[in-house]
2 protein chains.
Amino acid sequence: MSTMQEVAKKAGVSKATVSRVLSGKGYVSEATKEQVFKAIEEAGYRPNLLARNLATNKSECIGLVVTNTLYHGSYFSEILSQAAKKLEDNGRQLILVDGKHSAREEREAIQFLLDLRCDAVIIYPRFLTIDEMDSIIEQHKTPIMVVNRKLRKHQSHCVFCDHKGSSFQATKYLIERGHRDIAFITGAIDSPTAIERLAGYKEALNQYGIGVNEALIAQGKWTPASGVSAVESLLANKNKISAILASNDEMAVGAMKKLNDLGVSIPGEISIIGFDNIPTAAYLSPALTSIKDPVSDMISEVINRLISMLDGGYLSKENVFTSDLLARNSVIDGPYKG
Amino acid sequence: MSTMQEVAKKAGVSKATVSRVLSGKGYVSEATKEQVFKAIEEAGYRPNLLARNLATNKSECIGLVVTNTLYHGSYFSEILSQAAKKLEDNGRQLILVDGKHSAREEREAIQFLLDLRCDAVIIYPRFLTIDEMDSIIEQHKTPIMVVNRKLRKHQSHCVFCDHKGSSFQATKYLIERGHRDIAFITGAIDSPTAIERLAGYKEALNQYGIGVNEALIAQGKWTPASGVSAVESLLANKNKISAILASNDEMAVGAMKKLNDLGVSIPGEISIIGFDNIPTAAYLSPALTSIKDPVSDMISEVINRLISMLDGGYLSKENVFTSDLLARNSVIDGPYKG
DNA sequence: TTGTAGGCGTTATCAA
DNA sequence: TTGATAACGCCTACAA
């Protein structure tokens, strides 16, 4: 790869001049400017970003960390397409790196992005704790934003959503339509979101005096296949079930398939609710009710904040949009007629 | 951010020694090693990758370019999760950057990755032509791999799949089951894959003496929503239709939904086939037949080649796995009974 | 076993 | 309007 030095020699000027031409800063005569461009062309020169970023300590790009266990579903596509769209308008590059399967690896991914001198990093955490993230944010000058978690200290650095509340609402919705035997399929049990959704379900049952029957709770792993297994284990116990609340749409789809295969008619006999309201899922079946998770809104909000922090004009209010996001979290009417 | 220099001072040694401790290369006494580690700890030191990569001219990371118009679907998730999984085992970071909406932007994305000194780059192209890619590959020493296109010159740098052939097979499959009025929903018409699939459909019709009826061809855009519109326009012309071949699963799902809404019973009356065989789609409905597109296999193969090129042991055979991929491209039996 | 010094490709500060 | 030259933070002979 040719360097700036070579271009300089070819154009008969110094490195400094080439640099000025490239950056557009400082005075350069039209004549030499032209010569430099010609030399650049001839040499097939391309600037080395490593060197540039090392010298300037910035990079015009924004990093995103997501665990690859999330890569499988449409939920993830939603996150990414939203982020890409927003950033594109802003003229910055989005760099995605893999958070893998542990807090350590998630931290390394963040560090990697930081060491690459990304202007900012967004993290959709899976393993890091609130405290760890609060502390990471403190340790770095680079803006770090967290999606889908409520931080303790740095609330303007996060955007989240009330999963427990939504789950409570969904359960309540079923109860009010006369359901008493409501099964629940959890997400991967080490996921905070999964835990919150389970908690909301339990709280609603208790509040309505129904009580939690552990036999009606099956563990899933967010995937369609795990939804299938969940239904299998649920039915193995010969439980009476009139509705299923699945912790996401993908599992709901799996559950539905299994019931279909077993010849259980849907809708009517069993009502199914999933979360996330992913685009394709909306086309799946009118028998599936879904609750919208405001990912797109969250990502969009996070990037807005980031941009205003980086390009100036940031109002350091805390928690500006949080309540807004919560409000948007609503139950969509399903087909079940109690 | 503290630098190596500071760590050196704190430990009472030189930068070089710190560097040796970090890299594990060269001799360092246990005693000083310990001191250095302590100093690193105290300083909260983290190496600056920009500087390191600039000095060594490598980065332990592999870039992937994908157009963000692909970000919406499960097909994309499949690509990414496969890539992440493979690379993880190899201990390298995967960096995804956005190819956006034009050949120029796709080229810029590649350049960006190259300037970042990625060890290699993988491109799932959407706008670049074969010749452009062949020429890009020639211009750079860094290994560049192309997924889903057959290059003219550098065939060991690409992995592809016979979309035309698969589409031909799918159409043939329908014809052999007695269908004569087969509608076709295209992908976005500027996509090579879409064009190939359309060509396969036409060729099959012609070969079986059925002839192409342009009124039975509707333009889609790969999305479920465009599948819905396609069916609308298809039915608007009061065409007789007994089967629909959609250029991907997402559109097939949309088409199915629309037919459902209209009360057309499926399966039986109309047989639908989509492409790609995305995981969730498999759960959608037994009424949907799908043809497997070997994305995972392609990605996996590309990364295998890359790794052996980078870590040594690369056999420079041309086209080693191509035919294998073609063979895997098979029609899955659907529900339609003649 | 450790330190010195030069280099990686830019940017940025001064003089000229 | 231009050219030296010193950073940027790290690696790596070559010496010691």
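All chains are named by letter (A, B, ...) in the order of the sequence lines, taking the proteins before the strands, and each is independently numbered beginning at 1.
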S.K.: Using whole Å, report how far CE of Met4(A) lies from C1' of dA4(D).
M.R.: 15 Å
S.K.: Assign Ser29(A) to base, sugar-phosphate, or nothing according to its heavy-atom contacts below 4.0 angstrom with the strands shown.
M.R.: sugar-phosphate
S.K.: Can you tell me how far C1' of dC8(D) sits from CG of Asn53(A), to the nearest Å?
M.R.: 11 Å
S.K.: Suppose we call a contact any N or O donor and acceptor under 3.5 Å apart; does that hold for the side chain of Arg20(B) and the base of dG3(C)?
M.R.: yes
S.K.: Among dC11(D), dT11(C), dG3(C), which nucleotide sits nearest the side chain of Lys15(A)?
M.R.: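 Among dC11(D), dT11(C), dG3(C), the one nearest the side chain of Lys15(A) is dT11(C).
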S.K.: Looking only at the side chain of Val28(A) (C-beta and beyond, no hydrogens), which of the listed nucleotides dT2(C), dT2(D), dG9(D) gets closest?
M.R.: dT2(D)
S.K.: By nearest nucleotide on DNA chain C, pick out whichever of Gly12(B) and Arg117(B) is the more 5' one.
M.R.: Gly12(B)
S.K.: Of the options dT4(C), dT1(C), dC11(D), whose atoms approach the side-chain atoms of Ser14(B) most closely?
M.R.: dT4(C)
S.K.: Could you check which of dT11(C), dT12(D), dT1(C) has an atom nearest any side-chain atom of Ala55(A)?
M.R.: dT11(C)
S.K.: DNA chain D: Lys33(A) or Arg52(B), which has the more 5' nearest nucleotide?
M.R.: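 That would be Lys33(A).
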S.K.: Could you check whether Glu30(B) pairs with Lys33(B) (Lys NZ or Arg NE/NH1/NH2 to Asp/Glu carboxylate O, under 4.0 Å)?
M.R.: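 Lys33(B) and Glu30(B): salt-bridged.
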S.K.: Rounding to an integer number of Å, can you tell me how far Leu49(A) CG sits from dT11(C) C1'?
M.R.: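 Distance check: Leu49(A) CG to dT11(C) C1' gives 13 Å.
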S.K.: Answer yes when Lys100(A) and Glu108(A) have at least one side-chain N-carboxylate O distance shorter than 4.0 Å, and no when they do not.
M.R.: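 Answer for the salt bridge query: no.
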S.K.: Taking CG from Leu54(A) and C1' from dA7(D), how many angstroms apart are they, rounded to a whole number?
M.R.: 9 Å
S.K.: Taking only the side-chain heavy atoms of Val13(B) (C-beta and beyond), determine which of dG3(D), dC8(C), dG3(C) contains the nearest atom.
M.R.: dG3(C)
S.K.: Can you measure Asp115(A) atom CG to dC8(D) atom P for me and round it to whole angstrom units?
M.R.: 17 Å
S.K.: Relative to the ring of Tyr124(A), is the ring of Tyr75(A) parallel (under 30°), tilted (30 to 60°) or perpendicular (over 60°)?
M.R.: perpendicular
S.K.: Can you check the Asn57(A) CG to dG9(D) C1' distance for me, whole Å?
M.R.: 10 Å
S.K.: Give one of base, sugar-phosphate or nothing for Thr32(A), where a contact means two heavy atoms less than 4.0 Å apart.
M.R.: sugar-phosphate
S.K.: Let me know, please, whether Tyr45(B) or Thr17(A) comes out on the 5' side of the other along DNA chain D by nearest nucleotide.
M.R.: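 Nearer the 5' end of the strand: Thr17(A).
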S.K.: Can you figure out which of dT11(C), dA4(D), dT10(C) approaches the side chain of Pro47(A) most closely?
M.R.: dT10(C)
S.K.: Are any of the side-chain nitrogens in Arg305(A) or Glu301(A) under 4.0 Å away from the carboxylate oxygens of its partner?
M.R.: yes
S.K.: Tell me the interatomic distance from Lys58(B), atom NZ, to dC10(D), atom C1', rounded to whole angstroms.
M.R.: 15 Å
S.K.: Rounded to whole angstrom units, what separation is found between the CD atom of Gln5(B) and the P atom of dG3(C)?
M.R.: 11 Å
S.K.: For Lys38(B) and Glu41(B), run salt bridge (Lys or Arg N to Asp or Glu O under 4.0 Å): C-alpha distance rounded to whole Å, both residues' side-chain angles, the deciding distance at 0.1 Å, then the answer.
M.R.: CA-CA 5 Å; Lys38(B) 216 183 81 190; Glu41(B) 187 79 15; over 6 Å; no
S.K.: Under 4.0 Å: is that the gap between some side-chain N or O of Ser19(B) and OP1 or OP2 of dC10(D)?
M.R.: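 Indeed not, no polar side-chain atom of Ser19(B) lies that close.
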S.K.: Could you tell me whether Lys9(A) and Glu6(A) make a salt bridge, using a distance below 4.0 angstrom between a side-chain N and a carboxylate O?
M.R.: no
S.K.: Please classify the nucleic acid contact of Arg46(A) as base, sugar-phosphate, or nothing, using heavy-atom distances under 4.0 Å.
M.R.: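 Result for Arg46(A) = sugar-phosphate.
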